[in-house]
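Data block below; observations after.
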Protein chains: 2
Amino acid sequence: MKRAPSSPLDPAALADRLKVLAEPRRLRILNLLMEGVQCNCELGDALEMAPNLISHHLSVLRQAGLVDVTRDAVDARWIYYAINRPALDELNAVFGAFFDAARIQPRHPACGPQGALVRVTEIAIAPK
Amino acid sequence: MKRAPSSPLDPAALADRLKVLAEPRRLRILNLLMEGVQCNCELGDALEMAPNLISHHLSVLRQAGLVDVTRDAVDARWIYYAINRPALDELNAVFGAFFDAARIQPRHPACGPQGALVRVTEIAIAPK
DNA sequence: GAAGTAATTCAACGACGGTTGAAGTATATC
DNA sequence: GATATACTTCAACCGTCGTTGAATTACTTC
C-alpha cells in the first residue's frame, strides 16, 4: 500500500497539489484566511457563498493540509479556520523547486536536422 | 475589451494560471522541456503520448506564455519547443506573492463567542 | 426533551476539459 | 505533381468536479 517515495519534482504529486489551488473560490478563501478571517459565517458574507459550498471547499483545503480547524472553547458550535503555515512553507518550497529557472538546460534536440547537426558537432568536439 | 488591471493577488487570475499547471502530463512536458528536450517526437517517445495529445497540451502551455515555438531553419517541418524563461520567473513571483507566509495575519474572528471577546478586548484597549 | 443555531454531508445536476481517432495543414522529397 | 513526413485541428465521448437544495449532525439554550 505504500506509494513510491515521490520526489519533490514528481509531476503527478505536484499536479494533485495544484488542482486544489486552481480554483478561484478556494483561492479567495485562502486569501481571507491569510488576512485573519476565521469563521464560516464571515467567509460566507465576504464571498457571498452558501455555507455548504464554503464547507465543501474548506474540506478540500483541509484534506490538502493547508487549513487547520478549531472548535470554539466556549461555544463548540462555532468552528474557526486558519492557514497551516508549515504546509504553506512546504508548498512554496515544492513549487519553487519544480519551476526553478535554474533547472533550465541549454537546448540539445536529439532528433530532426538540428539534432543531427548537434550530434555531429558533439562527435566532432568530443570524439571519444 | 480591456480587463481590469488584475493585481498580482487576484484569485481569479491566479486560478487561471494554476489551471494550466494542474495537469500531470503538462507538468511532465514542462519537466522535459526544462531538461532541454525539444521536439514533439522526442516528447512523445519519453511520455508515451500520441502526438496530437502533446500538440494539444503544448498549445495550452503556449497560450499561457510558458512555452516558445521555433521552426527548424533547415527543415521547417520540425518544430522545437522551449521554456519561456521570463514567464517562468513571473510565475514564480506571482505564486510567491500570493502564498507568501509573511502575509498571514494573526487571528481576529469577527463573530462567534471569541469574536465577541475580541471586540470587547479591542474596545477596552482602544476605546476611541 | 424540544427548539434553535452552526456547520457538514448527501444526492443529483451540469459544465468544463482531457482523451481519442480521423481529417486537415504545412513542408520537404522523389 | 504525387507521396511522405511532422504536426495541428476537429468532433465526439466521457469522467471529474463545482454547484445546488435538502437532509443530517453537533452543540447549545430554553
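Numbered from 1 within each chain, the chains take letters A, B, ... in sequence-line order. None of the values given here were measured: they were computed from a predicted structure.
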Q. How is Arg26(A) classified with respect to the nucleic acid when contacts are heavy atoms under 4.0 Å: base, sugar-phosphate, or nothing?
A. sugar-phosphate

(Q) Can you list everything that forms a salt bridge (charged side-chain N to carboxylate O under 4.0 Å, His left out) with Arg77(B)? Sequence neighbours excluded, please. (A) Asp75(B)

(Q) The side chain of Trp78(B) is closest to which nucleotide in this list: dG18(D), dA6(D), dA7(C)? (A) dA6(D)

Q.
What is the distance, to the nearest angstrom, from the CG atom on Leu27(A) to the C1' atom on dG18(D)?
A. 14 Å

Q | Interatomic distance, Glu42(B) CD vs dA6(D) C1' [rounded to whole Å] | A | 15 Å

Q: Answer yes or no: is there a donor N or O on one side and an acceptor on the other, between the side chain of Arg26(B) and the main chain of Leu21(B), under 3.5 Å?
A: no

Q: Specify the separation, in whole Å, of atom CD1 of Ile29(A) and atom C1' of dT19(D).
A: 13 Å

Q: Nearest whole angstrom, please: distance from the P of dC17(D) to the CG of Leu21(A).
A: 14 Å

Q: Nearest whole angstrom, please: distance from the P of dA6(D) to the CG of Asp72(B).
A: 12 Å

Q. For Tyr80(B) and dA6(D), what is the distance between atoms OH and P respectively, to the nearest whole Å?
A. 11 Å

Q. Mapping Val60(A) and Ile79(B) to their closest nucleotides on DNA chain D, which lands nearer the 5' end?
A. Ile79(B)

Q. Given atom CD1 of Ile54(B) and atom C1' of dG18(C), what is their separation to the nearest angstrom?
A. 14 Å

Q | Rounded distance in Å - CZ (Arg28(A)) to C1' (dT19(D)) | A | 15 Å

Q) Should His57(B) be listed as having a side-chain N or O under 4.0 Å from OP1 or OP2 of dG17(C)? A) no

Q: May I ask you to test the Phe99(A)-Val94(A) pair for a side-chain heavy-atom distance under 4.5 Å?
A: no

(Q) Please determine whether side chain to side chain contact (heavy atoms under 4.5 Å, CB included) holds for the pair Leu61(B) and Tyr81(B), giving the CA-CA distance in whole Å, both sets of side-chain angles, and the decisive distance to 0.1 Å. (A) CA-CA 10 Å; Leu61(B) 293 170; Tyr81(B) 307 95; over 6 Å; no

Q: Evaluate the criterion side chain to side chain contact (heavy atoms under 4.5 Å, CB included) for residue pair Ile29(B) and Leu47(B); output intermediate values, then yes/no.
A: CA-CA 8 Å; Ile29(B) 290 175; Leu47(B) 302 177; 3.5 Å; yes

Q) Under the salt bridge (charged side-chain N to carboxylate O under 4.0 Å, His left out) test, which residues partner Arg17(B), sequence neighbours left out? A) Glu90(B)

Q. Sub-3.5 Å donor-acceptor pair from the side chain of Arg62(A) to the main-chain atoms of Val67(A), do we have one?
A. no

**Q.** Contact pattern, 5' to 3', of nucleotides 20-27 of chain D - B, S or - by protein heavy atom under 4.0 Å
**A.** BBB----B

